[in-house]
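Numbering of ligands and ligand atoms starts at 1, following listing order.
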Amino acid sequence: MAPRALITGITGQDGSYLAEFLLSKGYEVHGLIRRASTFNTDRIDHLYKDFHDPSARVFLHYGDLSVSGQLTDLLHAVRPDEVYNLGAQSHVRVSFDMPEYTGDITGLGTLRLLEAIRKSGIKTRFYQASSSEMFGAAPPPQNEGTPFQPQSPYGAAKVYAYYMVKNYRNAYKLFSCNGILFNHESPRRGETFVTRKITRAATRIKLGLQQKLYLGNMEAKRDWGFAGDYVEAMYLMLQHEQPDDYVIATGETYSVREFVERVFQKLDMDYRDYLEIDSKYFRPTEVDVLLGDSTKARKVLHWEPKVSFDQLVDMMVEADMELAEKERTLRNAGYKCTHNGRSIP
Ligand code: NAP
Ligand code: G4F
């Protein structure tokens, strides 16, 4: 029988890459999705088949990390071999505007899922999407031994979830792992995270669809990898004989300014002609430098990133240029359309 995985956050960037990866390994994939008034399954539509189709291997279930009873029912219904908890309010800036909600979903949501596993009695392996944001103000490089100093409600919620995962591992012998992932990006990255915001804006500016790019702190440094590489690490953690916690990172760090420079250079433009700084995008407390040391994952899991920083920038610029061209074509043909290139009747 095919191994079965349950993914929360399957509609997100990582969820979509992970679903693809697990399908390529022969898994049956179940995903928790939230009901929304507009479609929120764009990133996984290419994987989904109607469940009446005998070849369907992706199954979606409505639910929410805020509702515990439903999570227990879902576990009973699916009986997964592996659970990947990727669902979260994942935006750091937004977590300052919605600290209670972020704590509820990103922190307590993890506990609800762990409790659902414990109560259901189902034997499964558990992956938690922990974050380099937990290191916060801790000086670089950061590894599994670096003490956490979170600088945001999001970071604090992830620290809570991290310790609950460890607690369930020790108290109930649950096979549970924390993947402490540094920033990872892709053409599927949400458009309000800085890398995607930049590649979307630069390509639209190049085609005359936008005039300015508004950003906040240009000097923050991040260790940016490719999301497709990072989901493989999630899988490898759950295949290992012992549950453990691992840092996943490239070991290189670049500033937001350097990222902007590369993107605009690639499009033969000077970013200084288009950039405006808007204090709205500054955070009450910032994480200045993230630079991960993933020696442990490289040694134990034999994981390493395949896509370089330059390749990542190229990939994102190319994908967003295609989107911008589609948008321009629709506009030139007289259609109203969203900045995603979707036409509006
Ligand atoms: P993302 O694109 O923002 O996706 C978040 C996912 O969580 C979406 O599928 C979203 O559903 C779902 N979600 C939000 N609230 C929910 C709720 N109340 N109940 C159930 N599902 C809910 O995030 P990502 O970049 O793929 O990241 C995946 C996970 O890794 C997150 O936990 C994030 O915090 C963590 N992480 C990310 C990075 C990174 O650099 N990307 C680094 C470290 C850790 P909708 O589509 O309906 O909104
Ligand atoms: O792209 P960001 O919003 O990502 P951030 O805050 O590092 O969080 C991401 O990575 C974490 C892992 O470390 C994840 F856990 C989390 O879920 C998320 O995926 O911002 C990156 C940097 C920050 O220093 C921010 O202040 O870019 C700076 N920045 C400057 N101007 C901006 C902007 N960030 C955003 N989102 N928008 C701006 O206009």
Ignoring hydrogens and angles, write down the donor-acceptor pairs under 3.5 Å from the side chains of residues 168-176, residues two or more places apart or on other chains.
unit_1	atom_1	unit_2	atom_2	d
Y168	OH	E115	OE2	2.6
R169	NE	S176	O	2.9
R169	NH2	S176	O	3.1
R169	NH2	D245	OD1	2.4
R169	NH2	D245	OD2	3.4
N170	ND2	K166	O	3.3
K173	NZ	N170	O	2.8
S176	OG	V165	O	3.1
S176	OG	L174	O	3.3

Pairs of donor and acceptor atoms involving the side chains of residues 206-216, under 3.5 Å and at least two apart or interchain, shall be tabulated with distances.
unit_1	atom_1	unit_2	atom_2	d
K206	NZ	L267	O	2.9
Q210	OE1	R204	NH1	2.8
Q210	NE2	K212	O	2.9

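A donor-acceptor contact under 3.5 angstrom links the side chains of S55 and K49, judged on distance only. For the 3.5 Å distance criterion, the side chains of T295 and D293 qualify, holding a donor opposite an acceptor. Looking only at atom types and distance, the side chain of T195 has a donor-acceptor partner in the side chain of E185 under 3.5 Å away. Between the side chains of Q89 and T102, a donor-acceptor pair is found at a separation under 3.5 Å. Side-chain contact of N40 with T11: a donor-acceptor pair under 3.5 Å is absent, judged by distance alone. A donor atom on one side chain and an acceptor atom on the other are not found under 3.5 Å apart for R57 and Y27.
For an aromatic pair to be called close, the ring centres must be under 6.0 Å apart, and H91 with F193 satisfies this.
Sorted by chain and number, the residues within 4.0 Å of ligand 1 by heavy atom are G9, T11, G12, Q13, D14, R34, N40, D64, L65, L86, G87, A88, S90, Y101, I105, A129, S130, S131, Y154, K158, L181, F182, N183, H184, R189. Listed by chain and residue number, the protein contacts of ligand 2 are S90, H91, V92, S131, S132, E133, Y154, N183, R189, T192, F193, V194, K197, Y214, L215, G216, N217, A220, R222, V256, Y281, R283, E286, L290 (heavy atom within 4.0 angstrom).
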